[in-house]
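Counting starts at 1 for both ligands and their atoms, following the listed order. All values below come from the heavy atoms of this structure, side chains included, with hydrogens, waters and symmetry mates left out.
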Amino acid sequence: AVQPFSEIPGQWKNSVANLYTFWKMDGLRNIHRIMVHNFNMHGPIYREKVGYYESVNIIKPEDAAVLFKAEGHYPKRLRVEAWTSYRDYRNRKYGVLLKDGEDWKSNRIILNKEVISPKMQGNFVPLLDEVGQDFVARVYKKIERSGQNEWTTDLSHELFKYALESVSHVLYGERLGLLLDYIDPDAQHFIDCITLMFKTTSPMLYLPPALLRHTGARIWKDHVEAWDGIFNQADRCIQSIYRQLRKNPEASGKYPGVLASLLMLDKLSIEDIKASITELMAGGVDTTSITLLWTLYELARHPDLQEEIRAEISAARIASKGDVVQMLKMVPLLKGALKETLRLHPVAVSLQRYITEDIVLQNYHIPAGTLVQLGLYAMGRDHRIFPHPEQYRPSRWLRSQSHYFRSLSFGFGPRQCLGRRIAETEMQLFLIHMLENFRFEKQRQVEVRSTFELILLPEKPIMLTIKPR
Ligand code: HEM
Ligand code: 2DC
């Protein structure tokens, strides 16, 4: 017989005590490891209450399938109160990231056509390819300046610039010039604000922002300052495109970018467009850059694999005869490498949904309305789901094997990552250009772990040595 909800294992009854152990274990930065620990202790399902939010946690692909069948027409994930509070405080509209219900759906359908439909990839490829080429030129310059025919560095700052340059080129159809020697200090400030915004969000998952705001807490002030910086910079970019478009409305025949397309389409209000474009711009920096950094780290630790992927790229380059869109269809191992990176180093620790109907998970009854979390980090490292999970093996993602509800790094279904197509194309092109031109090495084989700052980040700098091939 199906067991009742109240029988699910886990420490969900005493939330104050939980919060205390959580602080003591430095839980904030270790959420992903605490989840692994909890699955080891309780098995594949457990209930939890930390601070003010309560959830059921699952890890198995079969359970993920049941969860996503019950997500309803307007899938809803955990509401990040810090983000909605800021918008309420400053009287700004929610974009697609924070909207819910019919309002979310109608905006999302219009954005899907411009941002993640496969048809758009052809428009994005030349824009992203150009940025990839410029990045290569910049690395050559750095190598030359070093005078040692190699460059050893923590690439993260360069990758942030690459990611912002890439997403801006797609959104605005224009370059920001972040790969030049002298960059706009406002653009650098924008990058710093995103990092600060993520960092100040995580404590507010457990302490209500409304409380922090009324007590004048430092963390709330920093958070507001970070979002202010993000919105100001995005507003400047949006205003500039808007003005150009009013001065010169005739289309030039060339793809003008997501923002101009949305403005000309005239289906969303200007305020809705601004809100979602700002979210896309902010969502497009730390996510892809950190994933690329982890990928270079893994490839530096696996030189044979690096060579194998390079060979795949060379063959694809020749076979596609200069057609880059075609070329991207011929690099399955490279795509496997990105999936493998996100398995071991996911951006999001978990996926969450409020279920809209009663379901059964691991033989327990779960009532409609419950917040169910799929532990993405824990799933990626479970040996029952991924044999030898500690090994970085991109070939496990090739067609021959079943990946039923195992490839979930960008989420699932109609509420999945809106930036997915941009992110994938941008990361594939980056790796293609970089592997065609350079070799990557790592000095000492020390394991770098993840730390949680709303998204998962490397806990310390990753030093890489880059050499011309
Ligand atoms: C949502 C992952 C890059 C914009 C999400 C979600 C995940 C995710 C897991 C939640 C999906 C769900 O609940 O099912 C990633 C990863 C990235 C990445 C792994 C890169 C490696 C980006 C980029 C952008 C972006 C580059 C912007 C250009 C968004 C937005 C949402 C979202 C706007 C909210 C969509 C909605 O609520 O309708 N992402 N993301 N992401 N992401 Fe990404
Ligand atoms: C963080 O317990 C842990 O893609 C929480 O590009 C649950 C949670 C809820 C929403 C998730 C968040 C986690 C991680 C970061 C995500 C976010 C939804 C979108 C966001 C996954 C798992 C992200 C990084 C977006 C951010 C766009 C924003 C900067 C405008």
Side-chain angles (χ1 to χ4, degrees), residues 27-28 31-32 34-35 48 50-51 53 55 57 64 67-68 71 74-83 86-87 94-100 103-105 107-109 111-112 115-116 124 128 163-164 166-168 170-171 193-195 197-198 201-202 204-206 226-227 230-231 234 258 275-295 338-339 341-343 345-354 371 373-377 407-428 452-457:
L28 207 54
I31 287 192
H32 46 306
I34 291 182
M35 285 179 88
E48 168 188 62
V50 186
Y53 90 87
S55 65
N57 291 265
L67 165 63
F68 287 117
E71 68 174 6
Y74 309 111
K76 221 179 128 192
R77 70 172 85 84
L78 181 81
R79 181 184 161 97
V80 179
E81 300 276 348
W83 298 352
Y86 169 80
R87 281 149 180 87
Y94 296 178
V96 78
L97 171 76
L98 301 174
K99 284 180 188 288
D100 276 312
D103 188 27
W104 167 76
K105 186 93 199 172
N107 276 251
R108 174 81 199 216
I109 284 172
L111 289 165
N112 279 347
V115 185
I116 84 167
F124 298 164
L128 294 169
L164 180 55
S166 293
V167 76
S168 303
V170 168
L171 294 177
C193 283
I194 295 173
T195 308
M197 180 276 291
F198 280 129
T201 302
S202 48
M204 288 194 267
L205 287 174
Y206 305 97
W227 275 122
I230 292 169
F231 274 95
V258 173
S276 284
I277 289 287
T278 305
E279 289 172 357
L280 285 167
M281 192 180 172
V285 180
D286 296 35
T287 48
T288 50
S289 51
I290 294 300
T291 307
L292 285 172
L293 184 60
W294 281 122
T295 306
L338 284 165
K339 286 190 177 174
T341 300
L342 286 166
R343 174 179 70 80
H345 315 285
V347 169
V349 240
S350 73
L351 303 177
Q352 334 77 41
R353 292 292 185 267
Y354 289 91
L371 176 65
Q373 288 206 77
L374 171 72
L376 211 51
Y377 177 91
S407 179
L408 294 171
S409 307
F410 288 95
F412 178 83
R415 189 108 215 196
Q416 69 177 281
C417 178
L418 177 60
R420 178 175 192 162
R421 206 68 62 197
I422 297 174
E424 288 174 338
T425 311
E426 172 189 324
M427 296 191 297
Q428 289 159 14
F452 176 80
E453 289 190 5
L454 199 83
I455 58 172
L456 290 173
L457 300 174

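- E424 does not count as a contact of ligand 1, since none of its heavy atoms falls under 4.0 Å from the ligand.
- Residue-level proximity to ligand 1 for W104 is carried by the side chain, the only part with a heavy atom below 4.0 angstrom.
- Of the heavy atoms in V167, only side-chain atoms (C-beta onward) come closer than 4.0 Å to ligand 1.
- Ranking protein heavy atoms by distance to atom 33 (C) of ligand 1, first place goes to L418 CB, 4.1 Å.
- At least one heavy atom of R108 sits closer than 4.0 Å to an atom of ligand 1.
- Between the choices G283, A423, C417, S409, the shortest heavy-atom distance to atom 27 (C) of ligand 2 belongs to G283.
- For the pair S166 and T288, the minimum side-chain heavy-atom distance is 4.5 Å or more.
- Atoms of ligand 1 found under 4.0 Å from any heavy atom of S409 (numbered from 1 in listed order, with element): 2 (C), 9 (C), 19 (C).
- Geometrically, ligand 1 and F412 share a nitrogen or oxygen pair separated by less than 3.5 Å.
- Here the protein heavy atom with the shortest distance to atom 14 (C) of ligand 2 is L454 O, 3.6 Å.
- Using a 4.0 Å cut-off between heavy atoms, L97 contacts ligand 1 through both its backbone and its side chain.
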Trace of the side chain to side chain contact (heavy atoms under 4.5 Å, CB included) decision for E453 with T201: CA-CA 8 Å; E453 289 190 5; T201 302; over 6 Å; no
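- When atom types are taken as modelled, the side chain of E279 and the backbone of V96 share a donor-acceptor pair closer than 3.5 angstrom.
- Neither the backbone nor the side chain of E426 has any atom closer than 4.0 Å to an atom of ligand 1 (non-hydrogen atoms only).
- The shortest side-chain heavy-atom distance between L454 and L205 falls under the 4.5 Å cut-off.
- Residue Y53 places a heavy atom less than 4.0 Å from ligand 2.
- Taking the six-membered ring for Trp and thresholds of 30 and 60 degrees, Y53 and Y206 have nearly parallel ring planes, at less than 30 degrees apart.
- In terms of polar-atom proximity, W227 is not counted as a contact of ligand 2, lacking any N or O under 3.5 Å from an N or O of the ligand.
- The protein reaches atom 7 (C) of ligand 2 closely, with a heavy atom under 4.0 angstrom from it.
- Comparing R79, R77, M281, R415 against atom 10 (C) of ligand 2, the shortest heavy-atom distance belongs to R77.
- Residue contacts with ligand 1: R77 is placed with a nitrogen or oxygen under 3.5 Å of a nitrogen or oxygen of the ligand (distance criterion only).
- Residues R108 and I116 are in side-chain contact: their nearest non-hydrogen atoms beyond the backbone lie under 4.5 Å apart.
- Geometrically, ligand 1 and T288 share no nitrogen or oxygen pair separated by less than 3.5 Å.
- Y377 and F452 have their aromatic ring centers separated by at least 6.0 angstrom.
- A donor-acceptor pair is defined here as one N or O able to donate and one able to accept, closer than 3.5 Å; no such pair exists between the side chain of R420 and the backbone of F410.
- With a heavy-atom cut-off of 4.0 Å, L351 touches ligand 1 through its side chain alone.
- Within the set L456, I194, V96, L97, the minimum heavy-atom distance to atom 18 (C) of ligand 2 is found for L97.
- Ranking the protein heavy atoms by distance from atom 41 (N) of ligand 1 puts C417 SG, 3.0 Å first.
- By the criterion of a heavy-atom distance under 4.0 Å, both the backbone and the side chain of L280 are placed next to ligand 1.
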